[in-house]
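Please read the structure below before turning to the comments.
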Protein chains: 2
Amino acid sequence: MINLNIYTKKLRESGLRPTRQRLKICEVLFSPEKTFHFTVNDLKKIIEEKLSEKISLATVYNTIHAFKKKGYLKEISINSDKSYFDTNTTDHQHFFDEDKSELIDCGDDEIDSINIKRNITGKKIKSIEVLIRVASDNQNQN
Amino acid sequence: MINLNIYTKKLRESGLRPTRQRLKICEVLFSPEKTFHFTVNDLKKIIEEKLSEKISLATVYNTIHAFKKKGYLKEISINSDKSYFDTNTTDHQHFFDEDKSELIDCGDDEIDSINIKRNITGKKIKSIEVLIRVASDNQNQN
DNA sequence: AATTAGATTAAAACAATTCTAAACTGTTGA
DNA sequence: TCAACAGTTTAGAATTGTTTTAATCTAATT
Ligand SMILES: [Mn+2]
Ligand SMILES: [Mn+2]
Ligand SMILES: [Zn+2]
Ligand SMILES: [Zn+2]
């Protein structure tokens with residue numbers, strides 16, 4: 001299988017051995033044509049239900065964190081009880097659909113580039129994150 | 001005391017009775033000249049240590065949430081285990097100092113206004129949040 | 001003052017995440 | 001090839017921020 005080498009390489013580069021569980025994680029994260037957003041529980045469910053591979057939460061967390069550290073995944077800031085991750089690691093922004101608790105990509109071409117006129121002394125900008133919260137018009141905005 | 005009426009009004013407008021604990025919360029949140037950012041625990045500590053008023057976490061949470069709902073406080077989205085609130089309810093953006101886990105206001109004049117070229121069908125934009133993560137140059141960026 | 005609706009509180013429940021430690025597996029080099 | 005080691009998996013426990021509960025208390029209304 002062609003992709004196995006790619007997965008193994010990504011794992012090795014993240015400081016991880018290519019184990020059965022981790023290769024399944026790679027299959028879910030890196031084989032789809034399209035990038036997507038997910039929570040840790042989403043990922044665990046996909047592996048267990050679609051790929052029929054039992055996997056512990058601890059393994060999912062440890063692999064995801066290694067990928068994030070290496071830059072193969074991004075974490076998105078939302079005020080939510082759970083963390084959201086993104087397989088799209090390019091520079092882009094997000095809509096957050098509050099009705100469905102779902103992230104939607106906002107391409108670089110769909111938003112004007114952010115220009116910051118101030119800098120914090122002695123600090124470097126690590127990232128600029130934009131979150132556009134949306135909800136259906138007739139919404140209880142509590 | 002002049003401010004008592006203001007606090008009582010804010011509480012009443014948030015659907016809350018002006019109790020001893022809640023007036024202390026108001027004193028902390030709404031008397032300072034400058035706005036500030038805080039976590040629930042920060043607030044509890046200030047009330048107990050500086051104002052010597054015992055207060056339960058449940059009361060802090062319930063009051064903060066009522067103020068947020070009414071618009072007297074804003075909650076800021078950061079990927080953090082805890083929630084950050086802001087007594088500055090005007091439209092503004094933030095720097096997040098990752099070294100100190102501290103928010104810094106970014107005035108409207110310090111960042112170009114965000115122009116979004118796409119809209120999500122059937123959805124209304126509720127807010128546009130920008131978070132600029134900063135850290136000292138020589139930083140372990142794990 | 002009595003009544004009642006709402007508030008306070010300690011403690012329990014909850015949920016996401018992290019940690020632990022024992023069993024297991026991939027890798028390496030003899 | 002295979003023993004030995006280092007790294008991995010896992011269930012379950014621990015941790016942490018937040019929410020809920022239910023008993024007690026208090027502000028508001030009469
Ligand atoms: Mn959490
Ligand atoms: Mn939490
Ligand atoms: Zn995305
Ligand atoms: Zn602010």
**Message:** Tell me whether the side-chain N/O atoms of A:R12 come closer than 4.0 Å to OP1 or OP2 in C:dT27.
**Reply:** yes
**Request:** Tell me which residues in residues 36-63 of chain A put a heavy atom below 4.0 Å from DNA chain D, sorted by number, or none.
**Result:** A:K54, A:I55, A:S56, A:A58, A:T59
**Item:** Side-chain donor-acceptor contact under 3.5 Å, A:D105 with A:H94
**Value:** yes
**Request:** For salt bridge (Lys or Arg N to Asp or Glu O under 4.0 Å), just list the numbers for A:K123 and B:D97, CA-CA rounded to whole Å, side-chain angles, deciding distance to a tenth of an Å, and then say yes or no.
**Result:** CA-CA 8 Å; A:K123 305 276 175 179; B:D97 181 338; 3.1 Å; yes
**Asked** Is the phosphate of D:dG17, meaning OP1 or OP2, less than 4.0 Å from a side-chain N or O of B:S83?
**Response** no
**Item:** Under 3.5 Å: donor-acceptor pair, side chain of A:S127, backbone of A:E129
**Value:** no
Can you name the atoms? Protein N/O to nucleotides 28-30 of chain C N/O, anything below 3.5 Å, with the distance.
none

**Message:** Tell me whether the side-chain N/O atoms of A:Q21 come closer than 4.0 Å to OP1 or OP2 in D:dT10.
**Reply:** yes
**Request:** Please work out whether the ring planes of B:F30 and B:F67 are parallel, tilted or perpendicular, with thresholds of 30° and 60°.
**Result:** perpendicular
**Message:** Output the rounded distance in Å from CG (A:D81) to C1' (D:dT20).
**Reply:** 15 Å
Sub-3.5 Å pairs of nitrogen or oxygen atoms, protein against nucleotides 2-6 of chain C:
unit_1: C:dG6; atom_1: O4'; unit_2: B:R17; atom_2: NH2; d: 3.3

**Asked** Hey, does the side chain of B:Q21 reach the backbone of B:I55 with a donor-acceptor pair shorter than 3.5 angstrom?
**Response** no
**Asked** Is there a donor-acceptor pair under 3.5 Å between the side chain of A:H92 and the backbone N or O of A:T90?
**Response** yes
**Request:** State yes or no: do A:V130 and A:I76 share one hydrophobic cluster built from I, L, V, M, F, W and Y residues joined by side-chain heavy-atom distances below 4.5 Å, directly or via other members?
**Result:** no
**Asked** Considering only C:dT8, C:dT17, D:dT9, which nucleotide approaches the side chain of A:T19 most closely?
**Response** D:dT9
**Request:** Tell me which of B:H65 and B:R20 sits closer to the 5' end of DNA chain D, going by the nucleotide each one is nearest to.
**Result:** B:H65
**Message:** Between B:T87 and B:F36 (side chain of the first, backbone of the second, donor and acceptor by atom type, cut-off under 3.5 Å), is there such a pair?
**Reply:** yes
